[in-house]
Protein chains: 2
Amino acid sequence: MKPTLQAVADAVGVSRSTVSNAYARPDQLSTALRRRILETAKAIGYPGPNPTARSLRRGFVGSIGVLFTSRLSYAFTDPFAVRFLAGVSEAAERHGVSLLLVPIPSDFEDARRAVENASVDSFCVYCVGDEAWALDAINARGLPFVTTAPRDDAGPDDRYVGIDERAAARGVAAHVASLGHRRVALLGDAVLPDAPAGPLRLSGVDQVPHPTTRGRLAGFADAFAEVGVAWSDLTVLTATGNDRRAAAAAVAGLFDRPDPPTAVLACSDVLALGVLDALGEDADRPDVSVTGFDDIAEAAAVGLTTVRQPAEEKGRISAELLLDPPADPTAGHVLLPTALVVRTSTRPVPRS
Amino acid sequence: MKPTLQAVADAVGVSRSTVSNAYARPDQLSTALRRRILETAKAIGYPGPNPTARSLRRGFVGSIGVLFTSRLSYAFTDPFAVRFLAGVSEAAERHGVSLLLVPIPSDFEDARRAVENASVDSFCVYCVGDEAWALDAINARGLPFVTTAPRDDAGPDDRYVGIDERAAARGVAAHVASLGHRRVALLGDAVLPDAPAGPLRLSGVDQVPHPTTRGRLAGFADAFAEVGVAWSDLTVLTATGNDRRAAAAAVAGLFDRPDPPTAVLACSDVLALGVLDALGEDADRPDVSVTGFDDIAEAAAVGLTTVRQPAEEKGRISAELLLDPPADPTAGHVLLPTALVVRTSTRPVPRS
DNA sequence: ATCCAGTACTGAATCGATCCAGAAGGGGGA
DNA sequence: TCCCCCTTCTGGATCGATTCAGTACTGGAT
């Protein structure tokens, strides 16, 4: 059995409180006694105050929970998520706080329990798909949290760090439209949650449940509406995952149809890269323009036109909002700037 | 004030224990009562058992600490580290355990304290440079841990997941030697901890403190010794960080010297990429072969010859060793296979 | 009617610290 | 000399649950 604080106190012949003070409040006792306590502690192998007991008594833990509403191991394969994490950890580092990465089990009850059992002071929720259940659980615990996706049911005091999804998407789309593209396809992950990969029949963008995807699609549509292309003339494709393979699967056969799209606008760079993969494998290589979203490192390497959003910054500010909350509670709503990055993956419509 | 377990007990009119059982041991009470308790709990807004209190009483936390012996935010910029983390999180996911990422402050005392204060059941130590102080702190707490780098003071029961650094390094070096290279430079990060970037005077590989770097350099040297190139004929370079810029700085001016090396063998892909950066900027572009180590995604993209080691696997097995310890304590020493991956960055010596 | 084995629930002890009101002792000022 | 203050240290209450030995009750077998 590891010695406890009490054991040290007994060994030195002082009270428990004094030993505690030796660790946490050096000014509360003479330096001589403090040294003696620390030495004895080392001598009998006392590992220092038990972190759990300390947290219980103090009422806070010193760590912020990071929640990916998808498989945790997946998060590390998503370049944007990784950069976001880098930002979060930078802030955590500065504040001397740890990050608890909580894996979400697929079973709903277990998932809720995972959130309830996390020893943290607050939550940073990185949204992929539906996260309402998680926010409920967090709210039930009364913990502060910040989200990175717009929410339909957000209150004015909710903390949120994001971008103007719609305006940003409209930006790239306008660029594509200006190149003359009129037959275009829009590609998102889980546009309709349980739909199979491929084209979708959507009466409007309102049907899309996930706010991020909805915002981007709406932005795309805005730009094309302005040049006279109606929503019903747009091809909306869904992928069954935010990864290259899923994207390639989603556009399979798309260019074999009559009047194929001359451009594909994807809701993320990863999806766009998947589209390029699919095009690359195609022997005939139709000249299709492709755009992404996020501006991950690989986008630059392959010349992908995309929307840049400050990933690390997003993480950093999210964490900062939790660690150092603004006095004004309504200031917890942060919109970050975005920029259109034009590269070689978008070209004027080929005339044929 | 949030209601406690006691509050629920009072509200329902049962004992604290029974409420506790309602959550943790459903078989200990009638389903009717259990439902009544759970409903009342929800009604009065009880957030469920406090995780910290539970951990204290139960004696374990349900999370494993992940320690990068460098800046945490840096870890997310290192592709190999990220893949390692993906592996760790995969195992954590399977076992329903969380990951606590602990940032290490630069101040030594603070750093030790960070390890002492982490609420975890075990530690996964990803080694970069010196980690002895961290292992000391972990040992003092009596927590199990696993390292990913060979240690000089490792005991037989210590858990370790790694590769045969020396043999693997020898492999690439032999390949380079077989292409005819005899004037070569070896590049590592912090070969001598406080040395400035650039060439080093080392009487032997024993002077290198960090075991991983030492192993790889030794392996490089082995291969060249076999073709008659002595240690003293090798140029050893140190970088002041494991990143591209640091590597570029380390080789600055290297090729302007008389009899410049015809090949650079780096201790990591990131460093090798930095060397390629430096060569790319050089207008004269001397024909220099470059090798890396790790086989990160980008290595394939630029055609870097390297040593592949299973990154995710390393993380996965490390975590598994902690979460599901082998019955035989000496089985905690795992060596993973590596493979030489020959690409275009290594070419025969240009004859001039 | 008696005994026994479950089942359902209770109470006190416990996990390992922190906090706070207060006691003891020493020194300085009036 | 007396009083007050300051420094140093103590004891008990407390954080919020879990655990386990033990009590009360129920129903079936003898």
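Predicted model, so just to flag it, every value in this text is computed and none were measured. Residue numbers start from 1 in every chain, and the chains themselves are labelled A, B, ... in the order their sequence lines are given, proteins ahead of strands.
- B/Y74 contributes a side-chain N or O that, together with a main-chain N or O of B/N242, makes up a donor-acceptor pair within less than 3.5 Å.
- Remark: the backbone N or O of A/E116 is paired with a side-chain donor or acceptor of A/R141 at under 3.5 angstrom.
- Atom CG of B/N21 is separated from atom C1' of D/dC20 by 11 Å (rounded to the nearest Å).
- Atoms CZ (A/R54) and C1' (C/dC15) sit 16 Å apart, rounded to a whole Å.
- Between the CD atom of B/E116 and the P atom of C/dG16 there is a distance of 17 Å, rounded to whole Å.
- Atom CD of A/Q6 is separated from atom C1' of D/dT14 by 16 Å (rounded to the nearest Å).
- A salt bridge between B/E39 and B/K42 is absent, with no side-chain N of the basic residue lying under 4.0 Å from a carboxylate O of the acidic one.
- Residues from residues 22-36 of chain A with heavy atoms under 4.0 angstrom of DNA chain C, sorted by number: A/R25.
- Residues A/T52 and B/T52 meet the side-chain proximity criterion, which asks for heavy atoms closer than 4.5 Å.
- In this structure a side-chain-to-backbone donor-acceptor pair under 3.5 Å is present from B/S63 to B/S119.
- For B/T18, the side-chain atoms get nearest to C/dT10 when compared with the rest of C/dA17, C/dT10, D/dA17.
- As a whole-Å value, the separation of A/R58 CZ from D/dA17 P is 20 Å.
- Nearest to the side-chain atoms of A/V14 among the listed nucleotides D/dT10, C/dA17, C/dC15 stands D/dT10.
- Annotation: B/K2, atom NZ; neighbour count of heavy atoms from other residues, nucleotides and ligands within 6.0 Å is above 12.
- A salt bridge is defined here as a Lys NZ or Arg NE, NH1 or NH2 lying under 4.0 Å from an Asp or Glu carboxylate O, and B/R112 with B/E109 fails to meet this definition.
- Distance A/L5 CG to D/dT10 C1': 14 Å, rounded to the nearest Å.
- Side-chain atoms of B/D121 never come within 3.5 Å of backbone atoms of B/I64 as a donor-acceptor pair (strictly under, hydrogens ignored).
- Distance, B/N50 CG to C/dC15 P: 18 Å, rounded to whole Å.
- B/Y23 has its ring centre less than 6.0 Å from the ring centre of B/Y46.
- The main-chain N or O of B/R83 is never found under 3.5 Å from a side-chain atom of B/K314 such that the two would form a donor-acceptor pair.
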Distances for protein N or O near nucleotides 11-14 of chain C N or O, under 3.5 Å:
| from | atom 1 | to | atom 2 | distance (Å) |
| --- | --- | --- | --- | --- |
| C/dG11 | N7 | B/S17 | OG | 3.0 |
| C/dG11 | O6 | B/S17 | OG | 2.6 |
| C/dT14 | O2 | B/R57 | NH1 | 2.7 |

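- Going from atom NZ of B/K2 over to atom P of D/dA17 covers 12 Å, rounded to whole Å.
- Remark: B/D194 CG is loosely packed, at most 12 non-hydrogen atoms of other residues, nucleotides or ligands lying under 6.0 Å away.
- Nucleic acid contact for B/Y46: sugar-phosphate only, since backbone atoms but no base atoms lie under 4.0 Å from a heavy atom of the residue.
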Sub-3.5 Å pairs of nitrogen or oxygen atoms, protein against nucleotides 21-24 of chain D:
none

